[in-house]
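Okay, structure first, notes after.
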Amino acid sequence: MRAKLFALLVFISLAVAGFAQPAKRTYTIGMSQCNLGEPWRVQMNADIRAAAAQHPELKVVFNDAQNDTLKQRAQVEEFVSAKVDLLIISPKEAQPLTEPVARAFEAGIPVIVLDRAILGDKYTCFIGADNKKIGKAAGQWIAKKLGGKGKVVELKGLMTSIPGQDRHTGFREGIAGTDIQVIFEADMKWLEPDARKEMESALSRFDHIDLVYGHNDPGAHGAYLAAKAAGRDGIAFVGIDALPQEGIAYVQQGILDATFRYTTGGAEAIDTALKIFKGETVPKKIVLGTRLFDKSNVATGGEALP
Ligand code: FRU
């Protein structure tokens, strides 16, 4: 009887102590991914998932907008109505996603914009690599590879997205003052099948092409497939992203001549979210570094660019 009473008392005091502890707060993060059709975006989500898994207090809800801007706008609005604690967004296009992101921010939801920037400043933090710098480095690498002269095809990423615009202007700066001629340029919207089609047109119009600059590795690879199918040899291919299983493997296999690392920023987004939850101030912009991978350095892990 006494033992039972004692056990009951212990139970009650433990329960009271437990009740007195503040409940451990959990945080829900809404992640709006513009599409999951490309390996790079699947990697971004995997990086976010892996980083968040280290912190049991975080719950990430992933949404895939399937490359549809209107769908992505609606998904941002849904996250706001659901009152998520923080929004991460990798927007398809800049202008049409600016307003829903601003509304989320103004509703008091911290917003981390990843990889493709939006317009204005109504968000908490932008995380991404410097696409102008990568484009310029690609231009300079190409100028060196071609000895300062040659005929180049430029297959551009979606030009309503900031990375497409910056990889284009950076590249033009990189080849400025050389005798490199861009004989054909087209918007392949980041998509390998579109790049392949555009390259087929370029091949039918031009007997001589020295090199293709694709704004991403799927684009450069699509162009390679078109050239191979047409039996056209002697063309070099350069891309951007450098995923181990994609661009780097292509360089190792001799399909691409060079690729530049475009870090997903997934891990950095979770780090930043944790700081925001702790009430720390975070920078408005976090710029991620890049690496060059070509035949000369791919075996030794590429080379960091200054
Ligand atoms: C994937 C992707 C990447 C590219 C990035 C630019 O959707 O096209 O290949 O580096 O988006 O935002």
Side-chain angles (χ1 to χ4, degrees), residues 31-48 62-69 71-72 88-98 101 112-119 126-138 154-171 186-196 198 212-224 237-251 256 258-266 268-269 286-293 305:
M31 163 59 192
S32 173
Q33 180 58 274
C34 60
N35 84 82
L36 283 175
E38 295 133 286
W40 189 84
R41 299 215 165 262
V42 174
Q43 187 62 49
M44 182 197 275
N45 278 15
D47 291 345
I48 291 175
F62 290 89
N63 258 341
D64 169 15
Q66 298 171 323
N67 222 10
D68 179 337
T69 294
K71 208 174 257 175
Q72 193 166 29
I88 302 177
I89 179 168
S90 193
K92 176 177 176 186
E93 296 172 282
Q95 198 272 335
L97 269 315
T98 296
V101 165
I112 298 174
V113 180
L114 261 187
D115 129 69
R116 296 189 188 171
I118 51 165
L119 309 178
F126 171 79
I127 303 176
D130 183 338
N131 285 296
K132 242 184 222 157
K133 185 168 139 182
I134 295 177
K136 187 169 178 184
E154 181 182 5
L155 295 177
K156 298 186 279 193
L158 188 67
M159 290 304 274
T160 49
S161 72
I162 309 290
Q165 296 165 11
D166 286 353
R167 289 177 195 185
H168 169 71
T169 46
F171 168 64
D187 190 337
M188 51 76 181
K189 308 187 185 81
W190 304 117
L191 304 172
E192 178 165 323
D194 291 43
R196 187 170 176 163
E198 294 297 352
V212 178
Y213 165 51
H215 282 196
N216 64 358
D217 289 337
H221 186 244
Y224 163 85
F237 299 88
V238 172
I240 295 170
D241 280 345
L243 286 179
Q245 70 276 26
E246 195 185 40
I248 293 184
Y250 292 153
V251 173
L256 295 190
T259 179
F260 294 79
R261 160 80 36 88
Y262 189 55
T263 306
T264 69
E268 293 80 359
I286 297 176
V287 182
L288 307 171
T290 183
R291 293 182 85 75
L292 158 70
F293 297 85
L305 292 187

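Everything numeric here is computed off the predicted structure, so don't read it as measured data. Atoms within each ligand, like the ligands themselves, are counted from 1 in listed order.
Heavy-atom distances between Arg167 and ligand 1 reach below 4.0 Å in at least one pair. Distances shorter than 4.0 angstrom occur between a heavy atom of Asp241 and an atom of ligand 1.
Of all atoms in ligand 1, numbered sequentially from 1 with element shown, those under 4.0 Å from a heavy atom of Glu38 are 1 (C), 2 (C), 7 (O), 8 (O). Near Tyr262, the atoms of ligand 1 lying under 4.0 angstrom from a non-hydrogen atom of the residue are 5 (C), 6 (C), 10 (O). When each atom of ligand 1 is checked for a heavy atom of Asp115 under 4.0 Å away, the hits are 5 (C), 6 (C), 12 (O).
Heavy-atom minimum distance, Gly222 versus Glu192: CA-CG, 3.7 Å.
Looking at ligand 1, you'll find an N or O of Asn216 within less than 3.5 Å of one of its N or O atoms. At a 3.5 angstrom cut-off on N or O pairs, Trp40 does not count as close to ligand 1.
A cation-pi arrangement is present between Arg167 and Tyr262 under the rule of less than 6.0 angstrom and at most 45 degrees off the ring axis.
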Quiz item: Does the pair Lys92 and Asn35 meet the rule for a side chain to side chain contact (heavy atoms under 4.5 Å, CB included), with working shown?
Solution: CA-CA 8 Å; Lys92 176 177 176 186; Asn35 84 82; over 6 Å; no
Quiz item: For Asp115 and Arg41, what are the C-alpha separation, side-chain angles and deciding distance, and is it a salt bridge (Lys or Arg N to Asp or Glu O under 4.0 Å)?
Solution: CA-CA 10 Å; Asp115 129 69; Arg41 299 215 165 262; 2.9 Å; yes
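For atom 7 (O) of ligand 1, the nearest non-hydrogen atom from the set Arg41, Met188, Gln43 comes from Arg41.
A donor-acceptor pair under 3.5 Å is formed between the side chain of Thr290 and the backbone N or O of Arg261.
For the ring-ring contact (aromatic ring centres under 6.0 Å, His included) test, residues two or more places apart in sequence or in another chain that qualify with Phe237 are Tyr224.
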